[in-house]
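One structure is given below, encoded as structure tokens.
Sequence lines set the chain letters: A, B, ... in the order given, protein chains first and strands last, and positions in each chain run from 1. Basis for what follows: all heavy atoms, side chains included, without hydrogens, waters or symmetry-related copies.
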There are 2 protein chains.
Amino acid sequence: MDQNKIPQATAKRLPLYYRFLNSLNHQGKKRVSSNELSEAVKVDSATIRRDFSYFGALGKKGYGYNVEYLLGFFRKTLDQDELTEVALIGVGNLGTAFLHYNFLKNNNTKIVMAFDADPEKTGTDIGGVPIYHIDDLEERMGNVRVAILTVPSDEAQNITNRLADYGIAGILNFTPARITVPSGIRVHHIDLSIELQALVYFLKHYPLDG
Amino acid sequence: MDQNKIPQATAKRLPLYYRFLNSLNHQGKKRVSSNELSEAVKVDSATIRRDFSYFGALGKKGYGYNVEYLLGFFRKTLDQDELTEVALIGVGNLGTAFLHYNFLKNNNTKIVMAFDADPEKTGTDIGGVPIYHIDDLEERMGNVRVAILTVPSDEAQNITNRLADYGIAGILNFTPARITVPSGIRVHHIDLSIELQALVYFLKHYPLDG
DNA sequence: ATGATATTGTGAAAGGCATCACGACTTTAG
DNA sequence: CTAAAGTCGTGATGCCTTTCACAATATCAT
């Protein structure tokens, strides 16, 4: 755990930077300034320079950043070489979408299996990802330590308990349920309906530039 | 714009509080303390009390909060009575999932129309939401001022420009593209692949409780 | 009634992050 | 070679948010 001092806010932006640098590289661009980056990813240029500076002096004054060098640096930092296997629990509409989506574009994560309670779905596969019955969770999970949770809310805590017992490390929770986990397990919540409500609330109460 | 002083962080938590209070009310619970709430929604109790306090003294010392009163208060504050209509652009896998999902559970938002470029899809409806051809966007939008963007990334900026010209107020952008909009339009980004990458990054580099 | 217990609301402190602003350095043009 | 232009890295600053901690007040049990 070498780089513990990197602010979480910075860490969340790294994949964004990585993706854009990748695209620049594909375009054959050799150099890029914090200002160009800023326009592309919509992050203040000072923030970008500060973010990069946590990793040391990656740029050159008066020149900017060398795309290839920066990209290589982030590849290592973000462990882009290493593939993290992920299980998807709950093959409903949202789960199905994720299976098709198949996170693996310039990505170091891959959904390698899915689970559902519906016997109609089990045994098949979607987008090359096999779907198992939820009863077989423990027996199928293998080394997978990350799960995407797209089950109905009232199942969320049950499944979470089983995942926790199994030894999961992280859960990306798309259910509205705020699940309880033993300490040591990291849960990120993405609550789509709250995101939409929040957007609407901001529209009404926080006029932009004010 | 009465309550401009409410911190944005607080505003984002309001729908969460509202949803849980609603469920408490359905269970017939009459009172609730900031500690109970805290366990349920995974937000520090002091933060909850501070959040509520922006709206005045809603609780009673030694007692807690009256569920029904609090709920009524939030209903007004969050404009739960008023329905905000939303258009969904891009009926792919993710878009389809949202249409089925149909945000309207205890919710003040509703997807009332969808658009897609595929003639096979237009003319049909999903979950009661009509799907129009993207060419008819301007003619169909009516008073809708909020859009969910689930189109392919390379279409994102184009569609955004049309939405902006039409007079959109807010966009919930699920594409990886960081779209550019004229000032005055609010964009919230939800980048699923970044969320997954960020979770994995945190797992590796930020041991919990550390 | 009374003491024990529960819980809020909030001042103060601490933490985390974004932004400003500028010195230092590099490149570029002439 | 020199001057002008470009760009980074970062100290300093200020904002926003969370958290602590406790006085004030209410309830509850007997």
Side-chain angles (χ1 to χ4, degrees), chain A residues 3-14 16-17 21 24 29-71 73-74 189 198 201-202 205-206 208-210, chain B residues 3-14 16-17 21 24 29-70 73-74 178 189 198 201-202 205-206 208-210:
Chain A
Q3 50 218 11
N4 258 349
K5 298 149 213 151
I6 293 166
Q8 304 214 356
T10 297
K12 284 194 199 153
R13 284 187 290 266
L14 296 182
L16 188 61
Y17 298 148
L21 286 171
L24 280 185
K29 212 148 185 301
K30 291 296 174 211
R31 59 183 271 194
V32 65
S33 72
S34 59
N35 259 299
E36 287 174 88
L37 272 169
S38 171
E39 284 188 27
V41 300
K42 313 292 179 202
V43 172
D44 185 275
S45 69
T47 299
I48 293 179
R49 292 198 300 281
R50 170 93 47 205
D51 283 347
F52 288 1
S53 78
Y54 292 114
F55 300 99
L58 302 175
K60 244 197 279 189
K61 305 185 181 195
Y63 175 86
Y65 301 89
N66 178 301
V67 172
E68 208 168 318
Y69 174 75
L70 204 53
L71 191 60
F73 185 86
F74 278 126
H189 294 274
Y201 184 85
F202 280 126
H205 299 283
Y206 294 72
L208 280 178
D209 316 320
Chain B
Q3 51 219 11
N4 257 350
K5 298 150 214 150
I6 293 166
Q8 303 214 357
T10 297
K12 283 193 199 155
R13 284 187 291 264
L14 296 182
L16 188 60
Y17 299 147
L21 286 170
L24 281 184
K29 213 145 184 301
K30 291 298 174 208
R31 58 182 274 194
V32 65
S33 71
S34 60
N35 259 298
E36 288 174 87
L37 273 171
S38 171
E39 284 188 26
V41 300
K42 314 288 178 203
V43 173
D44 185 275
S45 69
T47 300
I48 293 180
R49 292 199 299 281
R50 171 92 48 202
D51 283 347
F52 288 1
S53 79
Y54 291 114
F55 299 99
L58 302 175
K60 244 195 281 189
K61 305 188 181 195
Y63 175 87
Y65 301 90
N66 178 300
V67 172
E68 208 168 319
Y69 175 75
L70 204 55
F73 186 87
F74 279 126
R178 307 305 265 203
H189 294 275
Y201 184 85
F202 280 126
H205 298 284
Y206 293 72
L208 281 179
D209 317 317

Would you kindly compare B:Thr47 and B:Gly62 by the position of their nearest DNA chain D nucleotide and give the one closer to the 5′ end?
B:Thr47
For a quick test of reading the model: is some side-chain N or O of A:Tyr65 closer than 4.0 Å to OP1 or OP2 of D:dG9?
yes
Whole angstrom is fine here: how far is it from CD in A:Glu36 over to C1' in D:dG6?
12 Å
Within this structure, what is the CG-to-P distance between B:Leu14 and D:dT17, rounded to whole angstrom?
12 Å
Walk along DNA chain C from 5' to 3' and tell me the first and last nucleotide with an atom closer than 4.0 Å to a non-hydrogen atom of chain B.
C:dA6 to C:dA12
Have a look at A:Ser34 and say if it touches a base, only the backbone sugar-phosphate, or nothing, with a 4.0 Å heavy-atom cut-off.
sugar-phosphate
Using whole Å, report how far CG of B:Asn66 lies from C1' of D:dA26.
14 Å
Using 0.5 Å steps for rounding, measure from the CD1 atom of A:Ile48 to the OG1 atom of A:Thr10.
11.0 Å
Indicate the atoms forming the closest heavy-atom contact of B:Arg178 with A:Val41, along with that distance.
NE-O, 3.7 Å
Whole Å only: how far is the CG atom of A:Asp44 from the P atom of D:dT13?
19 Å
Output for pair (B:Asn66 CG, B:Lys30 NZ), nearest 0.5 Å, gives 8.0 Å
Base of D:dT19 paired with side chain of B:Arg50 (donor-acceptor, under 3.5 Å):
yes
Once you measure the plane-to-plane angle for A:Tyr17 and A:Phe52, does it fall in the parallel (<30°), tilted (30-60°) or perpendicular (>60°) bin?
perpendicular
Judged by each residue's nearest nucleotide on DNA chain D, which is more toward the 5′ side, B:Arg49 or A:Tyr63?
A:Tyr63
Could you tell me how far apart B:Ile48 (CD1) and D:dT19 (P) are, to the nearest whole angstrom?
11 Å
What's the CG-C1' distance between A:Asn35 and D:dA5, to the nearest Å?
14 Å
Please work out which of the three classes, parallel, tilted or perpendicular, describes the rings of A:Tyr206 and A:Phe202, given edges at 30° and 60°.
perpendicular
Run the numbers on B:Arg49 and B:Ser45 for side chain to side chain contact (heavy atoms under 4.5 Å, CB included), then give the verdict.
CA-CA 6 Å; B:Arg49 292 199 299 281; B:Ser45 69; 3.4 Å; yes
side-chain N/O B:Lys61 vs D:dT27 OP1/OP2, d < 4.0 Å:
no
Tell me: NZ of B:Lys60 to C1' of D:dC28, nearest whole Å?
14 Å
Verify, without hydrogens or angle tests, whether B:Glu36 (side chain) and B:Ser33 (backbone) share a donor-acceptor contact under 3.5 angstrom.
yes
Using heavy-atom distances to pick each residue's nearest nucleotide on DNA chain C, tell me which of A:Arg31 and A:Ala46 is more 5'.
A:Ala46
